[in-house]
There are 2 protein chains.
Amino acid sequence: MKGIRQLAEHLDISIGTVSRALNGKPDVNEETRKRVLAAAEELGYVANQSGRSLRQGTTNVIGLMIESSKETIEDSDNFFLGLTSGLQSVLARHKLDLIMLPCPTDEDPYEYLKRMVARRVVDAMIISATQRVDKRIDLLSKAKIPFVSLGRSQSSGNSPWIDLDFDGVANSAVDRLVAHGHRRIAIAAPSSDINLGYIFLDGYRSALERHGIAYDPSLVIRVKTSEQGGYQAGHELLQIDNRPTAVILIYELMAIGLYRRLTEAGVIPGRDLAVIGFREEPRAKFLQPALTCFRMSLHDLGVELAQTLLATMPAYSHFYPDSERNMIWPLKLIPGESDSFHLLAAQ
Amino acid sequence: MKGIRQLAEHLDISIGTVSRALNGKPDVNEETRKRVLAAAEELGYVANQSGRSLRQGTTNVIGLMIESSKETIEDSDNFFLGLTSGLQSVLARHKLDLIMLPCPTDEDPYEYLKRMVARRVVDAMIISATQRVDKRIDLLSKAKIPFVSLGRSQSSGNSPWIDLDFDGVANSAVDRLVAHGHRRIAIAAPSSDINLGYIFLDGYRSALERHGIAYDPSLVIRVKTSEQGGYQAGHELLQIDNRPTAVILIYELMAIGLYRRLTEAGVIPGRDLAVIGFREEPRAKFLQPALTCFRMSLHDLGVELAQTLLATMPAYSHFYPDSERNMIWPLKLIPGESDSFHLLAAQ
DNA sequence: CTGAAAGCGCTTACAG
DNA sequence: CTGAAAGCGCTTACAG
């Protein structure tokens with residue numbers, strides 16, 4: 001089966017009627033519609049997307065940009081795949097397809113996005129890993145391509161975003177550690193310019209301040225957000241004079257490397273050093289002692305992202321009248337054993 | 001900037017010439033070409049892909065289908081992202097873009113692929129996670145869409161594929177364990193109908209046979225290919241009468257759960273039970289004792305996949321005259337400590 | 001309810 | 001070397 005023309009000839013009917021029947025337009029005889037649908041199914045006809053897109057001016061495709069930089073490959077683990085189910089559950093309602101656009105390692109993310117947008121392969125974009133200043137946001141705004149970013153940015157202005165509650169997480173982590181008697185609390189932050197690092201650190205600082213604890217820059221450890229980074233963080237922790245008694249990790253899988261390095265040095269996590277991770281991860285469940293971390297549903301986040309995005313698209317906004325343009329995504333603390341001990345006052 | 005027409009008007013030149021200049025056709029005055037290129041850059045013009053595709057009959061996009069089923073989400077980890085760099089390095093040479101097509105969890109992979117193919121959103125497809133009998137292969141063959149599958153299948157016939165050397169891995173794992181004195185060697189195989197499970201098991205059986213060891217079905221443990229599956233595998237291992245002294249895992253991250261379950265029972269991996277994993281994974285590096293496993297380069301595999309695919313496409317085949325249609329991808333054993341002990345003859 | 005025709009944005013023979 | 005025109009496969013006003 002080639003095109004709608006062949007199908008129409010086969011049915012001895014005009015292509016216009018075939019198109020209307022297939023697209024569920026009301027002004028088609030039910031008998032005719034049935035014949036068309038049956039023939040299409042039988043011959044395996046599906047409309048060529050380029051033809052549709054060109055005529056309609058929309059692709060019915062939503063793009064999820066993925067940066068597979070050396071660092072993020074190990075970093076993102078299954079984050080994106082976890083999001084897709086939620087995204088698709090919403091997009092499917094509107095017959096929109098989701099495609100993932102992996103930016104090549106050696107290509108500038110900005111140029112890549114620009115190219116994809118200019119070629120009009122998608123109607124809208126979801127971007128993530130927003131930098132502190134992110135030119136992609138300006139690009140999309142100017143090009144008037146609907147988009148939502150996972151992660152706010154100084155470039156955001158009035159553009160829609162959803163961001164994880166890094167501030168809340170940092171605060172409740174510090175609160176919990178302080179309640180357990182800790183005063184020297186280190187933090188493992190990303191070495192890149194990703195915006196969440198700034199927010200996380202700000203939350204940490206203000207939490208310390210609330211508790212009357214002086215901020216000590218030497219307790220901020222900058223590493224890659226990976227297991228290797230965790231190992232490195234452990235290594236650096238061990239070298240700090242007057243060693244901190246607790247550490248908060250920006251990335252949960254860091255804990256694997258951290259535990260390893262600590263154990264090598266005879267320092268037992270959860271006994272000699274309190275550890276709080278970030279996101280709950282199936283993989284990290286098997287760590288011993290169990291990691292205290294924060295729970296969120298990637299599926300639900302995907303749902304919310306899709307709704308926020310659609311709310312900005314004229315063709316779909318009426319379905320989502322109450323959608324917030326910006327949103328801080330809450331996480332729930334899941335107590336583990338990695339920070340359950342209380343520090344003795346003497347220490 | 002809207003379309004080529006606006007750009008042409010702006011330059012006071014015909015759209016045909018603009019198109020030819022932009023596409024590097026030889027029959028364009030160099031002066032004209034420069035002007036066109038400069039104006040396009042300045043105004044940010046990039047050809048609308050739908051227009052091009054419709055006219056040329058090609059999309060210049062290659063699709064990588066991803067199944068994000070409940071199981072594979074945890075399973076695939078960064079496998080696909082690891083492939084993309086290699087794939088893109090080859091595709092970029094031909095100005096082909098790679099997009100990832102995540103099949104929704106609740107949609108049949110066959111129907112999904114059918115839809116994507118019929119809509120002609122891509123010129124060619126890369127599929128993976130091939131089942132023993134895989135209708136997708138018949139579909140693509142019949143539709144004459146160029147494709148390559150990562151994983152052979154009984155449905156493969158003459159179609160191109162690259163598969164990891166599961167047979168070789170199973171054989172060398174058994175050889176190594178036997179050399180260390182093991183006779184009761186268990187294997188953790190996938191519970192799904194994925195084809196690699198069959199090949200892995202066949203390799204295991206024939207290796208045992210070579211060594212004159214009777215195949216014992218009770219030593220084949222079927223679990224999910226995830227950490228949880230590894231935990232489960234550990235659990236089942238511990239229940240087997242005359243407990244096996246070694247186990248081979250089809251999926252490396254199973255080792256995390258396996259170690260955990262064994263340790264809970266006071267059984268020390270690498271001392272009381274020999275363990276060999278499959279693929280080397282950064283994540284598994286931090287396991288203690290270090291896991292004996294098999295090394296491969298995802299990047300190189302991506303390169304090979306892309307070349308194999310392009311070799312089947314008339315427009316590109318002349319670039320890859322020597323490409324094999326089918327290929328077994330070798331892996332190299334990396335000795336760790338998880339199976340380094342020798343079993344005493346007495347045992 | 002159906003058909004004939006226009007046109008979405010391109011590329012590419014075909015003239016000149 | 002350039003322009004005018006056809007046509008890729010659709011959808012959608014517009015007639016009837």
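Labels below follow one simple rule: chain letters A, B, ... track the order of the sequence lines, proteins then strands, and each chain is numbered from 1. For clarity, every value in this text was computed on a predicted model and none was experimentally measured.
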Suppose the criterion is salt bridge (charged side-chain N to carboxylate O under 4.0 Å, His left out): which pairs have a residue in residues 100-113 of chain A, not counting sequence neighbours?
A:Glu107-A:Arg115

Stretch residues 17-26 of chain A: residues that reach within less than 4.0 Å of DNA chain C through a heavy atom
A:Thr17, A:Arg20

Categorize B:Gly57 for me: base, sugar-phosphate, or nothing, with a 4.0 angstrom heavy-atom threshold over every strand shown.
nothing

With salt bridge (charged side-chain N to carboxylate O under 4.0 Å, His left out) as the rule and sequence neighbours excluded, what pairs involving residues 4-18 of chain B come up?
none

Quick one: label A:Ser53 by what it contacts on the DNA or RNA (base, sugar-phosphate, nothing), any heavy atom closer than 4.0 Å.
nothing

Sequence neighbours left out, what passes side-chain contact (heavy atoms from CB on, under 4.5 Å) with B:Ser53? Give chain and number order.
A:Ser50, B:Gln49, B:Thr59

Between B:Asn29 and A:Ile15, who's closer to the 5' end of DNA chain D by nearest nucleotide?
B:Asn29

side-chain contact (heavy atoms from CB on, under 4.5 Å) partners of B:Leu22, counting only residues at least two apart
B:Leu7, B:Val18, B:Val36, B:Leu37, B:Ala40, B:Tyr45

Considering every strand and a 4.0 Å limit on heavy-atom distances, what is the contact class for B:Ile13: base, sugar-phosphate, or nothing?
sugar-phosphate

Contact list for residues 138-161 of chain B, test salt bridge (charged side-chain N to carboxylate O under 4.0 Å, His left out), sequence neighbours left out:
B:Arg152-B:Asp163

Knowing that exactly one of A:Thr308, A:Ile126, A:Thr130, A:Asn195 qualifies, which makes a side chain to side chain contact (heavy atoms under 4.5 Å, CB included) with A:Ser149?
A:Thr130

Secondary structure of DNA chain C per the Watson-Crick/G-U criterion (both distances under 3.5 Å; [ ] crossing, | other strand, . unpaired) is |||.||||||||.|||

Taken in chain and number order and not counting sequence neighbours, the residues that satisfy side-chain contact (heavy atoms from CB on, under 4.5 Å) with B:Ala143 are B:Val117, B:Ile145

With heavy atoms of chain B within less than 4.0 Å as the criterion, where does contact along DNA chain D begin and end?
D:dC1 to D:dG9

Pairwise side chain to side chain donor-acceptor pair (under 3.5 Å) hits with a residue in residues 21-31 of chain B, at least two apart
B:Ser19-B:Asn23, B:Asn23-B:Arg52, B:Glu30-B:Arg33

A:Ser14: which residues meet the side-chain contact (heavy atoms from CB on, under 4.5 Å) condition with it, sequence neighbours left out?
A:Thr17

Both A:Arg5 and A:Asp27 contact DNA chain D. Taking the nearest nucleotide for each, which residue is further toward the 5' end?
A:Arg5

Residues that B:Tyr110 engages under ring pair (Phe, Tyr, Trp, His ring centres under 6.0 Å), provided they are two or more places apart:
none

Check the angle between the aromatic planes of B:Tyr320 and B:His94 and answer parallel, tilted or perpendicular using the 30° and 60° thresholds.
perpendicular

